[in-house]
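What follows is a structure written as structure tokens; I'll ask about it next.
It should be emphasised that the depicted structure is a prediction, and the values quoted were computed from it without experimental measurement.
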There are 2 protein chains.
Amino acid sequence: MSDPSPPRKRRTAGRITLNDVARQVGVSALTVSRFFNHPERVSEELRQRIGEAVSALGYVPNLVAGSLASARSRIVGMVIPNISGPIFASTIQGFSDTLARHGYQLLLASSYFSPEQEESAVRAFLGWSPAALVVTSHFHSEGTEKLLAETDIPVVEIWDYQPERAPIQVGFLHYDAGVMAARHLLERGYRRIAFVQNSAAGDFSALDRRDGCAATLRDAGLELWSFAPSAGSAPFEAGREAMERLMQETHRPDAILFANDNLAAGGLLAAQHMGLRIPGDCAVMGFGDYAFAEMLLPSLSTIRPPSLGIGETAALRVLESLGVIATEVPVQRLNRLECQLVEREST
Amino acid sequence: MSDPSPPRKRRTAGRITLNDVARQVGVSALTVSRFFNHPERVSEELRQRIGEAVSALGYVPNLVAGSLASARSRIVGMVIPNISGPIFASTIQGFSDTLARHGYQLLLASSYFSPEQEESAVRAFLGWSPAALVVTSHFHSEGTEKLLAETDIPVVEIWDYQPERAPIQVGFLHYDAGVMAARHLLERGYRRIAFVQNSAAGDFSALDRRDGCAATLRDAGLELWSFAPSAGSAPFEAGREAMERLMQETHRPDAILFANDNLAAGGLLAAQHMGLRIPGDCAVMGFGDYAFAEMLLPSLSTIRPPSLGIGETAALRVLESLGVIATEVPVQRLNRLECQLVEREST
DNA sequence: ACCTCTTATGTCAGCGCTAACATCACCAGT
DNA sequence: ACTGGTGATGTTAGCGCTGACATAAGAGGT
């Protein structure tokens with residue numbers, strides 16, 4: 001024992017550490033740590049000298065070590081059904097940018113609507129002890145629910161607005177979007193209004209929109225004409241088929257509300273082929289305000305969901321929960337955003 | 001000193017740790033650690049019992065601690081100009097999904113083409129000692145170059161293919177896209193071909209496409225007619241203007257290659273207003289294969305850049321560099337992907 | 001001069017995990 | 001029995017940083 005075995009091999013990869021900077025300046029490591037995390041607690045003079053040493057040495061703080069020591073990190077995890085696609089991209093963008101502005105990083109994963117993939121992403125994210133977690137409101141697996149319930153970091157659910165659920169909610173009501181569309185069509189004088197949705201796979205949110213639309217018409221003493229084109233054809237084809245079929249009816253509609261812009265685009269094309277004037281012979285409206293909506297001929301009236309706003313609002317609520325930005329306490333738990341009516345030529 | 005000061009307050013937040021699991025099973029912490037990282041080195045029986053204890057206790061490994069100890073992490077950072085938008089979204093998607101399949105997480109930031117924002121993102125990412133870093137090929141700040149040069153983790157540059165640059169490259173040549181478009185138009189018999197680009201801000205890659213197109217025409221004894229609509233109007237408007245102006249010329253072109261699909265869409269609409277038949281009176285071609293390209297009337301022939309492929313390939317090269325997946329050594333440094341010709345009605 | 005209060009900086013111990021090394025049990029070969 | 005090899009498991013010492021606490025140095029009041 002008086003013979004100390006040869007010192008273990010250092011594993012460090014020669015990386016520059018806080019201590020290197022501290023030694024260079026002639027202060028303790030903690031002072032340098034404070035330079036980064038609480039600069040106001042370091043005297044002006046030291047701040048100056050430390051700043052110089054940091055850039056001279058090219059020191060990059062090891063956030064992993066910092067997070068371990070402080071049990072906090074500046075990472076926020078987000079699980080979203082998919083990254084590309086017209087729907088969620090700008091939510092991610094808004095979220096990421098708002099976070100970045102406050103020095104937080106985004107850890108991102110896509111679930112493709114699979115509860116299992118979502119759970120594994122949530123589990124992995126939790127391992128990073130993130131500052132907060134954002135999931136897309138949707139059916140969660142039991143495991144996910146449990147993980148989210150047990151953690152004590154802020155959890156935000158986005159996109160669907162479900163006031164009965166526990167965590168912070170940021171979303172909108174598809175029902176409202178239906179109401180908004182119906183009001184617009186009524187205002188323009190249309191009376192025989194049809195709703196077209198793809199009969200294929202369960203787009204439940206489309207049903208909410210239809211209900212909102214139907215209720216509004218009912219209040220005006222009208223009935224919504226609901227139509228679902230035959231098979232699981234692509235949305236574009238389905239829209240075309242719907243337009244053709246509806247226009248052959250004896251009492252054909254004077255306006256069609258499509259469940260989304262893809263369907264509406266198909267409808268528009270079919271109308272062109274048939275030589276119909278839009279909106280003269282029949283008005284057309286969509287939902288989503290996809291990028292192409294304004295490029296169609298005629299340009300498509302539609303409802304724009306608050307995609308970007310959801311991302312930004314979610315980020316704000318997260319930052320407020322963390323105390324990074326001020327808020328009139330407490331953090332607003334329910335955040336119901338509004339869709340936006342985009343009036344173009346097709347109505 | 002015989003009087004040990006009262007033990008410091010534990011900071012631990014009652015979270016379940018490796019040790020808790022180990023104690024429960026009656027083994028050492030290291031064995032549990034191996035259970036997660038090298039399961040093959042743990043006996044069948046212990047594996048069983050540890051697995052049970054883990055799920056009974058609801059243990060979630062602390063990846064932060066693991067990363068600090070091993071100086072490795074399963075995070076990969078990606079900095080990209082923007083997240084939404086038609087261009088990069090599917091690159092991110094392909095990258096993220098491929099990584100996720102191997103247990104790696106994506107840390108994402110957008111730079112909006114700003115070298116400063118890029119540098120700050122790279123710096124922050126490096127603090128997480130990520131397994132690898134992906135940046136979008138573009139002008140980097142000096143600081144970024146330095147950071148990337150000094151790190152010893154794999155660095156991948158995507159989108160532009162620049163063989164002269166140091167790190168792993170995954171991208172395509174815009175010049176090739178121009179060649180591809182020109183060949184297609186020649187094949188279809190068009191001879192008076194114009195190239196339309198937005199005179200506004202420097203889209204340098206469009207110039208490369210134009211050059212590729214021009215060179216191909218020259219080889220066929222033809223000259224490319226280059227046209228830039230007046231002012232910094234929106235791409236859509238610019239396309240419209242270009243179409244109107246070009247069609248008033250005496251020897252008007254029989255085909256127009258637009259610098260991107262947005263311009264082309266504007267051109268298509270203008271043609272409709274003018275009562276021109278596309279492609280009969282004039283063929284139209286774009287670049288990008290944005291989502292709306294197939295919804296236009298006529299549907300738009302265009303060139304599809306390998307967005308998804310870039311993301312996936314980048315992820316594969318990263319995983320190979322890390323030794324996660326096998327490769328015929330060494331990792332392929334230059335990866336030149338191909339664009340795809342999408343022939344539709346407009347040509 | 002003395003005490004208190006505030007501000008700037010330092011000491012020490014650990015955050016939860018894993019690399020390196022050590023140990024132990026067991027088997028085969030001589 | 002003795003040696004050496006193999007595979008499973010344990011011991012130790014950090015990884016680089018920050019929290020709690022301690023201390024020093026000055027400011028201000030009496």
Side-chain angles (χ1 to χ4, degrees), chain A residues 1 3-23 25-50 54 57 59-74 126-129, chain B residues 1 4-50 54 57 59-74 126-129:
Chain A
M1 28 225 65
D3 174 41
S5 51
R8 294 278 174 95
K9 197 184 297 170
R10 286 261 161 173
R11 298 178 231 144
T12 173
R15 183 174 165 164
I16 295 166
T17 74
L18 250 200
N19 272 306
D20 298 328
V21 178
R23 204 170 314 122
V25 181
V27 295
S28 80
L30 187 40
T31 304
V32 181
S33 164
R34 276 194 275 255
F35 169 82
F36 284 103
N37 300 312
H38 309 281
E40 75 283 359
R41 293 194 210 156
V42 177
S43 64
E44 176 55 35
E45 189 228 337
L46 275 184
R47 225 179 302 167
Q48 180 78 25
R49 285 169 49 204
I50 293 174
V54 164
L57 293 172
Y59 169 67
V60 177
N62 185 329
L63 302 178
V64 178
S67 299
L68 178 59
S70 66
R72 284 186 280 98
S73 82
R74 288 177 159 245
L126 282 175
W128 287 102
S129 35
Chain B
M1 42 212 59
S5 51
R8 295 277 174 97
K9 197 185 296 172
R10 287 260 161 175
R11 297 179 232 142
T12 173
R15 181 173 166 164
I16 295 167
T17 75
L18 252 200
N19 273 307
D20 297 328
V21 178
R23 203 170 314 123
Q24 166 108 7
V25 181
V27 295
S28 79
L30 187 40
T31 305
V32 181
S33 164
R34 276 195 275 256
F35 169 82
F36 284 103
N37 300 313
H38 310 278
E40 75 284 358
R41 292 192 211 158
V42 177
S43 66
E44 176 56 32
E45 189 229 335
L46 276 184
R47 224 179 300 166
Q48 181 77 25
R49 285 169 49 204
I50 293 174
V54 164
L57 293 172
Y59 169 67
V60 177
N62 184 330
L63 302 178
V64 177
S67 300
L68 179 59
S70 67
R72 283 187 280 100
S73 84
R74 289 177 158 244
L126 282 176
W128 286 102
S129 38

Problem set entry | Nucleic acid contacts of residues 27-36 of chain A, taken as heavy-atom distances under 4.0 Å to DNA chain D |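 Only A:L30, A:S33 qualify.
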For this session: Identify whether any heavy atom of A:V64 sits under 4.0 Å from a base atom; if not, whether one sits that close to sugar-phosphate; answer base, sugar-phosphate or nothing.
Result: nothing
Exercise. What's the CZ-C1' distance between B:R23 and D:dG10, to the nearest Å?
Worked result: 16 Å
For this session: Could you check which of D:dG14, D:dT18, D:dC17 has an atom nearest any side-chain atom of A:Y59?
Result: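 Within the option list, the nearest is D:dC17.
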Exercise. Looking for any heavy atom pair under 4.0 Å, which part of the strands does B:L46 touch: base, sugar-phosphate only, or nothing?
Worked result: sugar-phosphate
For this session: Find the distance A:E40:CD to C:dA8:P and express it as a whole number of Å.
Result: 9 Å
Exercise. Hey, does the side chain of B:R72 come within less than 4.0 Å of D:dC15's phosphate (OP1/OP2), counting only N and O?
Worked result: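 False: B:R72 side-chain N/O out of range (4.0 Å or more) of D:dC15 OP1/OP2.
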Exercise. Considering the terminal five base pairs at each end of the helix from C:dA1-D:dT30 to C:dT30-D:dA1, what angle separates the two local helix axes, rounded to 10°?
Worked result: 40°
Exercise. Hey, is the side chain of B:S43 poking within less than 4.0 Å of OP1 or OP2 on D:dT9, counting only N and O atoms?
Worked result: yes
For this session: Let me know the distance between CG of B:L18 and P of D:dC15, rounded to the nearest Å.
Result: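 From B:L18 CG to D:dC15 P: 19 Å.
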Problem set entry | Length of the line joining B:D20:CG and C:dC15:P, which is rounded to integer Å | 12 Å
For this session: Using atom CG of A:N19 as one end and atom P of D:dC15 as the other, report the distance to the nearest whole Å.
Result: 10 Å
Exercise. If every non-hydrogen atom of B:S129 is compared with every non-hydrogen atom of A:R15, which pair is closest and at what distance?
Worked result: CB-NH1, 4.0 Å
Problem set entry | Set of residues satisfying side chain to side chain contact (heavy atoms under 4.5 Å, CB included) with respect to A:R41, sequence neighbours excluded |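 Result, side chain to side chain contact (heavy atoms under 4.5 Å, CB included) vs A:R41: A:R34, A:H38.
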For this session: State which residues pass salt bridge (charged side-chain N to carboxylate O under 4.0 Å, His left out) with B:E45; sequence neighbours excluded, sorted by chain then number.
Result: B:R49
For this session: Specify the separation, in whole Å, of atom CZ of B:R74 and atom C1' of C:dC17.
Result: 15 Å
Exercise. So, is B:N37 near the phosphate of C:dT18, with a side-chain N or O under 4.0 Å from OP1 or OP2?
Worked result: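 It does, given that an N or O in the side chain of B:N37 lies less than 4.0 Å from OP1 or OP2 of C:dT18.
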N/O donor to acceptor pairs below 3.5 angstrom from side-chain atoms of residues 25-33 of chain B, sequence neighbours left out:
| from | atom 1 | to | atom 2 | distance (Å) |
| --- | --- | --- | --- | --- |
| B:S28 | OG | B:L30 | N | 3.4 |
| B:S28 | OG | B:T31 | OG1 | 3.4 |

Seminar exercise, completed: Taken to the nearest whole Å, CD1/A:I50 to C1'/C:dA8 is 11 Å
Seminar exercise, completed: Note: B:T17 and B:D20 closest approach over all heavy atoms is N-OD2, 2.8 Å
Seminar exercise, completed: Whichever of B:G26 and A:P61 has the more 5' nearest nucleotide on DNA chain D, that residue is B:G26
For this session: Please tell me if the side chains of B:F36 and B:V54 come closer than 4.5 Å, counting only heavy atoms from C-beta onward.
Result: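 Heavy-atom side-chain distance check passes, below 4.5 Å.
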Scan the side chains in residues 59-69 of chain A for donor-acceptor partners under 3.5 Å anywhere in the protein, sequence neighbours excluded, and list what turns up.
| from | atom 1 | to | atom 2 | distance (Å) |
| --- | --- | --- | --- | --- |
| A:N62 | OD1 | A:V64 | N | 2.9 |
| A:N62 | OD1 | A:A65 | N | 3.0 |
| A:S67 | OG | A:L63 | O | 2.8 |
| A:S67 | OG | A:R72 | O | 3.3 |

For this session: Measure from NE2 on B:H38 to P on C:dT18 and round the result to the nearest Å.
Result: 8 Å
Exercise. Of all the nucleotides listed (C:dG16, C:dT9, D:dG16), which has the minimum atom distance to the side chain of B:A69?
Worked result: C:dG16
Problem set entry | Minimum-distance nucleotide to B:N62 side chain [options: C:dA8, C:dC17, D:dC17] |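 For the B:N62 side chain, the nearest candidate turns out to be C:dC17.
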